[in-house]
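See structure below.
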Protein chains: 2
Amino acid sequence: MASKRRSRGRVDRDRDAAEVSLGPLGGYVGFALRRIQTAVFADFIAALGKLDLKPAQYSLLELVDANPGLRQWQAAAALGIQKANFVGLVRKLERRSLLQRRRSVADRRSYALHLLPGGRRLLAAARALHDEHESRLAGRLGSGGRERLLLLLRRLAAGVESAAPGGGRAASL
Amino acid sequence: MASKRRSRGRVDRDRDAAEVSLGPLGGYVGFALRRIQTAVFADFIAALGKLDLKPAQYSLLELVDANPGLRQWQAAAALGIQKANFVGLVRKLERRSLLQRRRSVADRRSYALHLLPGGRRLLAAARALHDEHESRLAGRLGSGGRERLLLLLRRLAAGVESAAPGGGRAASL
DNA sequence: TATTGTTATACTCTATAACTATA
DNA sequence: TATAGTTATAGAGTATAACAATA
């Protein structure tokens, strides 16, 4: 029940504070994608927070676990992070004795990344949290919904990749 | 063809630079969601760039168009932007004579937002670009894919909303 | 000459606290 | 007392340029 008055000059009459319409925005895939991704990511950050891990750190642990001896620049490229910004990320995990950098024999400019025992243990705990997170999402999607969503997202990826500033890129989740 | 040597001490033997495996990461919805959203968003930013508009600015124009006289705080809340960070956003559009702020009669603390003719014209052009962008995405999703994706994303939203730092939030696309 | 890792730097986005004027 | 808008500020994340060591 907002009181209505005449608007004069730069002054405005009332507007029902009721509901705000998204207008055409509500019908766009990109808009929905961004809104949902933001919320999902916030949930994931909160879950990983219990282990004092950030998404990019967790992703790096997974990546090194899946590719032992991965070069630093390869890891950066795979996660879509500039090599300059990658330095601090790797060093923080190194200081926590989660992973190790070893100079490569073949190319002494580069480092090879390897998980340390502590990194493997933390990764196991983080993956358990990630699995719980994923289960929450899957529960919302209904039977087969998770697989159908992944399929559709991969179709999208095939077309939009290499549109990002760095060419074919990834995200630091 | 990487040469293989024995690793000794902190030195590492070679690793085929071939392909980097994502490992378990590749199977998570959140990971796919983030990667694809990042790429789609970059494409959208590039499209809007032709009009010297950023996503958040465009969204605000759409929102005010759909809700004339919207209060500043309502717009900020609907777009998931802190009111403090919203000030600069509104002012930039005001300086470009795209929208106008009018003091509300009923509550003289607040501003009501209205599009100006220039804002309506720019919005029309931006919406055309957005529609092209959306068509590119829809083309990748196949017949009915767009609608199925929107449906799945909305199911996700229903569960994850209000997990974000600000409670029930939106994103500034 | 080109590449890997590094430093420094800047720009954007975001989050919070404190103030003002109004309510 | 509480709220709308504002200011100031600090923290992330990200992008580029330049350098040393190595190829």
Side-chain angles (χ1 to χ4, degrees), chain A residues 2-3 11-12 14-15 17 34 37-39 41-42 45-46 48-49 53-57 59-60 69-77 79-92 94 101-113 164-167 169-173, chain B residues 2-3 11-12 14-15 17 34 37-39 41-42 45-46 49 53-57 59-60 69-92 94 101-113 164-167 169-173:
Chain A
S3 61
V11 174
D12 208 79
D14 252 14
R15 190 177 182 287
R34 180 153 170 83
Q37 187 275 319
T38 300
F41 199 52
I45 289 173
L48 277 187
L53 259 193
K54 294 181 187 177
Q57 298 176 319
S59 295
L60 179 53
L70 192 68
R71 302 304 155 83
Q72 189 166 317
W73 69 266
Q74 291 179 307
L79 294 180
I81 299 175
Q82 303 291 323
K83 62 180 182 172
N85 300 325
F86 203 71
V87 176
L89 176 56
V90 175
R91 289 224 181 121
K92 239 171 237 169
E94 201 179 19
R101 293 193 294 175
R102 307 186 198 150
R103 278 290 178 191
S104 162
V105 169
D107 185 344
R108 293 166 35 78
R109 292 171 301 182
S110 66
Y111 284 114
L113 305 179
R169 291 266 270 45
S172 33
L173 170 68
Chain B
S3 59
V11 174
D12 210 79
D14 252 13
R15 189 176 184 289
R34 179 152 171 83
Q37 187 274 321
T38 300
F41 199 51
I45 289 172
L53 259 193
K54 293 180 187 179
Q57 297 176 319
S59 296
L60 179 52
L70 192 68
R71 302 304 154 84
Q72 189 167 315
W73 69 267
Q74 291 178 309
L79 294 180
I81 299 176
Q82 302 291 323
K83 61 179 184 173
N85 299 326
F86 202 71
V87 177
L89 176 57
V90 175
R91 289 226 182 121
K92 238 172 236 170
E94 202 179 20
R101 292 191 296 174
R102 306 186 198 150
R103 278 290 178 191
S104 162
V105 169
D107 185 344
R108 293 165 36 76
R109 291 170 302 181
S110 68
Y111 283 115
L113 305 179
R169 291 269 270 43
S172 34
L173 169 68

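So you know, we letter chains A, B, ... as the sequences are listed, proteins then strands, and number each from 1. For clarity, every value in this text was computed on a predicted model and none was experimentally measured. These numbers come from the heavy atoms of this one structure, side chains and all, not from hydrogens, waters or symmetry mates.
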Taking the side chain of A/Val87 as heavy atoms from C-beta outward, which of D/dA12, C/dT6, D/dG5 is closest to it? C/dT6
If I take atom CH2 in residue A/Trp73 and atom P in nucleotide C/dA2, what distance separates them, rounded to the nearest angstrom? 17 Å
Between A/Phe41 (CZ) and D/dG13 (C1'), how many Å, whole number? 10 Å
B/Arg102 to B/Tyr111 six-membered ring, cation-pi geometry met (6.0 Å, 45°): no
Which part of the nucleic acid, if any, lies within contact of B/Phe86, taking any heavy atom under 4.0 Å across all strands shown: a base, the sugar-phosphate backbone alone, or nothing? nothing
Measure the distance from CG on A/Leu89 to P on C/dG5 and round it to the nearest whole Å. 13 Å
B/Arg91 atom CZ is separated from D/dA4 atom P, nearest whole Å, by 17 Å
B/Lys92 has an atom NZ; how far is it from atom P of D/dT6, in whole Å? 14 Å
Using a 4.0 Å heavy-atom cut-off, write out nucleotides 16-23 of chain D from 5' to 3' as B (base contacted by protein), S (sugar-phosphate only) or - (no contact). BB---BBS
Rounded to whole Å, CG of B/Leu70 lies from P of D/dA4 at a distance of 12 Å
Nearest to the side chain of A/Ser110, which nucleotide is it out of C/dT4, D/dT6, C/dT6? C/dT4
Bend angle of the helix from C/dT1-D/dA23 to C/dA23-D/dT1, end axes from five pairs each (to 10°): 0°
